[in-house]
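Step one of this worksheet: look at the structure below.
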Amino acid sequence: MVFKRLKRKLTSILRPEKDLISFKSPLLKKQGIVLFSYLLEPFKLGVKNVHSNRWECFEIAQIFLKLGFDVDVIDWTDKNFIPSKNYDIIFDIHSNLQRFLHLLGPKTLKILHLTGSYPRYHNQVELAKIEEIRSKKRDVSPQRIIIDLKEIERSIKEANFCSLIGNDITLNTYPKSIRGKFTKINVTSPVLKNVKTKDDFLLEEREFLWFYPNGAALRNLDLLLEIFSKNKNLKLNIVGKVEADFLEAYSKELKLPNINYFDFLDIESQEFKNIIKKCFCFIAPSLSEGISSSAVLCLKLGLFPILSLNTGISLPKESGIILKKCVKEDIEKAILSAYKMDKLKLKKQISVCQKFALKEFSQENFSLAMRDFISKAINNFNKKDGLYEL
């Protein structure tokens with residue numbers, strides 16, 4: 001312990017803690033101090049209504065403060081920060097946890113918050129998809145590969161408890177031997193101002209939406225472009241930042257009159273609202289997610305869902321379409337089935353899915369689930385056990 005204290009002291013001098021923000025718990029009775037490795041931006045610039053992780057990050061820090069812990073916040077991408085304090089808890093979302101192991105004592109509770117499928121599984125499906133596109137079109141680059149695979153796997157192994165944004169499908173991508181220390185938690189979505197009501201669910205135009213911030217290959221946009229280029233009576237709206245090499249590979253399809261590409265749009269912009277008005281259905285054929293916050297947002301907006309199993313969302317019974325396989329034939333069949341569905345049946349299913357999403361993926365539910373998880377992790381922490389279960 002003397003050596004660890006000396007090492008922390010030296011590293012704090014050599015590498016000053018520039019990108020760290022500290023918060024004091026308002027409680028008089030302090031429980032300890034947490035090193036919180038997630039996003040620094042919400043604490044510097046405020047919680048913007050852009051992505052659900054901004055609010056979730058801020059809320060988790062608030063939970064620790066309300067439990068009586070002081071909180072030191074760093075960004076998860078910060079590879080230069082070296083702890084100079086004796087932390088009671090480290091809460092990380094990636095590979096900083098394993099990087100700090102040599103500076104943490106046996107009484108430090110190690111919590112890892114995971115927001116996606118098992119990294120090795122994720123990389124495998126991404127690379128397989130890239131090869132599929134290369135065989136059809138041209139060379140495109142993988143965009144969602146987890147580079148520091150060994151480091152994140154070590155963090156998963158060394159964590160005492162893991163929270164996971166996902167459902168059982170997501171959980172089952174992880175090795176069976178470690179699933180016992182996982183707790184599933186639902187994602188949220190940005191606050192919405194243009195939620196559809198029953199009267200707005202269906203207009204005369206039945207247009208489709210693909211809505212993701214990035215990852216065109218992983219989210220099977222290539223298959224949708226092939227399907228809609230064949231079915232020219234159907235209209236597809238693409239909202240999101242599509243990578244340049246993918247745009248070039250599918251430039252012909254993207255110029256078709258029934259396919260509209262809008263790039264990234266602010267969800268509060270009038271242009272995005274106009275698109276949502278025309279769309280009745282969104283297609284989320286993702287190959288790997290935790291829980292797709294984009295899909296959650298579309299469900300809340302009041303759009304009919306066509307989802308892959310790997311979006312991490314378990315829809316209500318007999319509502320929406322779940323793709324058991326993300327192959328072109330099945331996706332096309334689902335699209336045509338939704339397009340031809342009876343109006344009353346379609347409205348009923350959209351309503352059920354919307355109510356489900358507004359409840360299950362609410363900020364209130366996230367707060368309750370995360371507070372319960374953190375409290376149980378603290379109460380059940382026992383340094384002499386090899387594997388921890390809640």
Taking the six-membered ring for Trp and the single ring otherwise, decide whether the centroids of Phe280 and Phe201 are under 6.0 Å apart. no
On the 0 to 90° scale, with breaks at 30° and 60°, tag the Phe23-Phe43 ring pair as parallel, tilted or perpendicular. tilted
Does Leu297 reach the side chain of Ile267, with side-chain heavy atoms less than 4.5 Å apart? yes
Would you give the length of the straight line joining atom CD1 of Ile283 to atom CG of Asn220, rounded to the nearest 0.5 angstrom? 11.0 Å
Applying side chain to side chain contact (heavy atoms under 4.5 Å, CB included) to Phe81 and Phe100, what does each step give before you reach the verdict? CA-CA 9 Å; Phe81 174 83; Phe100 299 150; 3.7 Å; yes
Quick one: salt bridge (charged side-chain N to carboxylate O under 4.0 Å, His left out) pairs with a partner in residues 295-314, sequence neighbours left out? none
Contacts of type side chain to side chain donor-acceptor pair (under 3.5 Å), residue Asp139, not counting sequence neighbours: Arg134
Are Tyr121 and Leu112 connected in the hydrophobic side-chain network, where two residues link if heavy atoms are under 4.5 Å apart? yes
Just wondering, do Ser286 and Ser292 contact through their side chains at under 4.5 Å, heavy atoms? no
Could you pull out the closest heavy-atom pair between Ser319 and Gln349, with the gap in Å? CA-OE1, 3.4 Å
Apply side chain to side chain contact (heavy atoms under 4.5 Å, CB included) to Phe161 and Phe373, showing your working. CA-CA 9 Å; Phe161 300 101; Phe373 163 71; 4.0 Å; yes
Can you tell if the side chain of Tyr174 reaches within under 4.5 Å of the side chain of Phe182, non-hydrogen atoms only? yes
Compare all side-chain heavy atoms of Ile185 with those of Met370 and state whether any distance is below 4.5 angstrom. yes
The complete set of salt bridge (charged side-chain N to carboxylate O under 4.0 Å, His left out) pairs with one or both residues in residues 287-298, sequence neighbours excluded, reads Arg219-Glu289
Listed once per pair and sorted, the ring-ring contact (aromatic ring centres under 6.0 Å, His included) pairs that draw on residues 320-370, sequence neighbours left out: Trp55-Phe366, Phe356-Phe361
State plainly whether one hydrophobic cluster holds both Ile374 and Leu368, where clusters connect Ile, Leu, Val, Met, Phe, Trp and Tyr through side-chain heavy atoms under 4.5 angstrom apart. no
Is it the case that more than 12 heavy atoms not belonging to Lys196 sit under 6.0 Å from its NZ atom? yes
Is the shortest side-chain heavy-atom distance between Leu315 and Ile322 below 4.5 Å? yes
In terms of hydrophobic clusters joined by side-chain contacts under 4.5 Å, are Leu223 and Leu247 together? yes
Which residues pass the salt bridge (charged side-chain N to carboxylate O under 4.0 Å, His left out) test with Glu248, sequence neighbours left out? Arg138
Assess the side chains of Ser95 and Lys79: does a donor N or O sit below 3.5 Å from an acceptor N or O? yes
Residue pairs involving residues 163-179 (criterion salt bridge (charged side-chain N to carboxylate O under 4.0 Å, His left out); sequence neighbours excluded): Asp168-Lys184
pair Phe304-Leu346: side-chain heavy atoms closer than 4.5 Å: yes
Run the side-chain donor-acceptor check on residues 328-338: report pairs under 3.5 Å with partners two or more places apart or on a different chain.
residue, atom, partner, partner atom, Å
Lys328, NZ, Glu226, OE1, 3.2
Glu332, OE2, Lys230, NZ, 3.2
Glu332, OE2, Asn231, ND2, 3.0

Modelled atom types, side-chain donor and acceptor of Thr183 and Ser163, under 3.5 Å: no
Scan side-chain atoms only and decide if Asp372 and Ser375 contain a donor-acceptor pair under the 3.5 Å cut-off. no
Can you run down the salt bridge (charged side-chain N to carboxylate O under 4.0 Å, His left out) pairs that involve residues 148-157, sequence neighbours left out, and say none if there aren't any? Arg120-Glu153
Taking every heavy atom of Ser141 against every heavy atom of Asp245, the minimum-distance pair comes out as N-OD2, 2.7 Å
Does any non-hydrogen side-chain atom of Thr108 lie less than 4.5 Å from one of Ile89? no
Could you check whether any side-chain heavy atom of Val73 comes within less than 4.5 Å of a side-chain heavy atom of Leu20, counting everything from C-beta outward? no
Looking only at atom types and distance, does a side-chain atom of Tyr261 sit under 3.5 Å from a main-chain N or O of Lys255, one as donor and one as acceptor? no
Any ring-ring contact (aromatic ring centres under 6.0 Å, His included) pairs touching residues 225-256, not counting sequence neighbours? Phe208-Phe228, Phe246-Tyr250
What's the verdict on side-chain hydrogen bond (donor to acceptor under 3.5 Å, both in side chains) for Thr77 and Asp75, showing C-alpha distance, side-chain angles and the deciding distance? CA-CA 5 Å; Thr77 60; Asp75 199 86; 2.6 Å; yes
Enter the distance from Ile111:CD1 to Phe381:CZ here, rounded to the nearest 0.5 Å. 9.5 Å
Run the ring-centre check on Phe91 versus Phe64 and record whether the distance is less than 6.0 Å. yes
Output the distance between atom CG (Asn233) and atom CG (Asn258), rounded to the nearest 0.5 Å. 8.0 Å
So, using salt bridge (charged side-chain N to carboxylate O under 4.0 Å, His left out) as the criterion, who are the partners of Lys129 when residues are at least two apart? Glu132, Asp222
When you measure from the side chain of Asn160 to the backbone of Lys110, do you find a donor-acceptor pair of N or O atoms at a distance under 3.5 Å? yes
Please assess Leu225 against Ile259 for the test side chain to side chain contact (heavy atoms under 4.5 Å, CB included), listing each intermediate value before the final yes or no. CA-CA 8 Å; Leu225 291 173; Ile259 297 175; 3.8 Å; yes
Gln98 side chain to Glu158 backbone, donor-acceptor under 3.5 Å: no
Check salt bridge (charged side-chain N to carboxylate O under 4.0 Å, His left out) between Lys347 and all other residues, then give those that pass, not counting sequence neighbours. none
Is it true that Asn167 and Ser314 share a donor-acceptor pair across their side chains at a distance under 3.5 Å? yes
Which pairs would a plain distance check flag for residues 26-40, meaning a side-chain donor or acceptor within less than 3.5 Å of a matching protein atom at least two apart in sequence or in another chain?
residue, atom, partner, partner atom, Å
Lys30, NZ, Asp70, OD1, 3.3
Ser37, OG, Asp92, OD1, 2.7
Ser37, OG, Asn96, ND2, 3.1

Kindly work out whether a path of hydrophobic side-chain contacts (I/L/V/M/F/W/Y, heavy atoms less than 4.5 Å apart) joins Leu358 to Leu299. no
Side chain Asn186, main chain Glu360, donor-acceptor under 3.5 Å: yes
Using a distance-only test with no angle check, is there a side-chain donor-acceptor pair under 3.5 angstrom linking Ser117 and His122? no
Go through the steps to decide whether Val296 and Thr188 satisfy the test side chain to side chain contact (heavy atoms under 4.5 Å, CB included), and finish with yes or no. CA-CA 7 Å; Val296 166; Thr188 63; over 6 Å; no
Is it the case that more than 12 heavy atoms not belonging to Gln270 sit under 6.0 Å from its CD atom? yes
Walk me through whether Asn310 and Ser288 qualify under side-chain hydrogen bond (donor to acceptor under 3.5 Å, both in side chains). CA-CA 5 Å; Asn310 288 98; Ser288 176; 6.0 Å; no
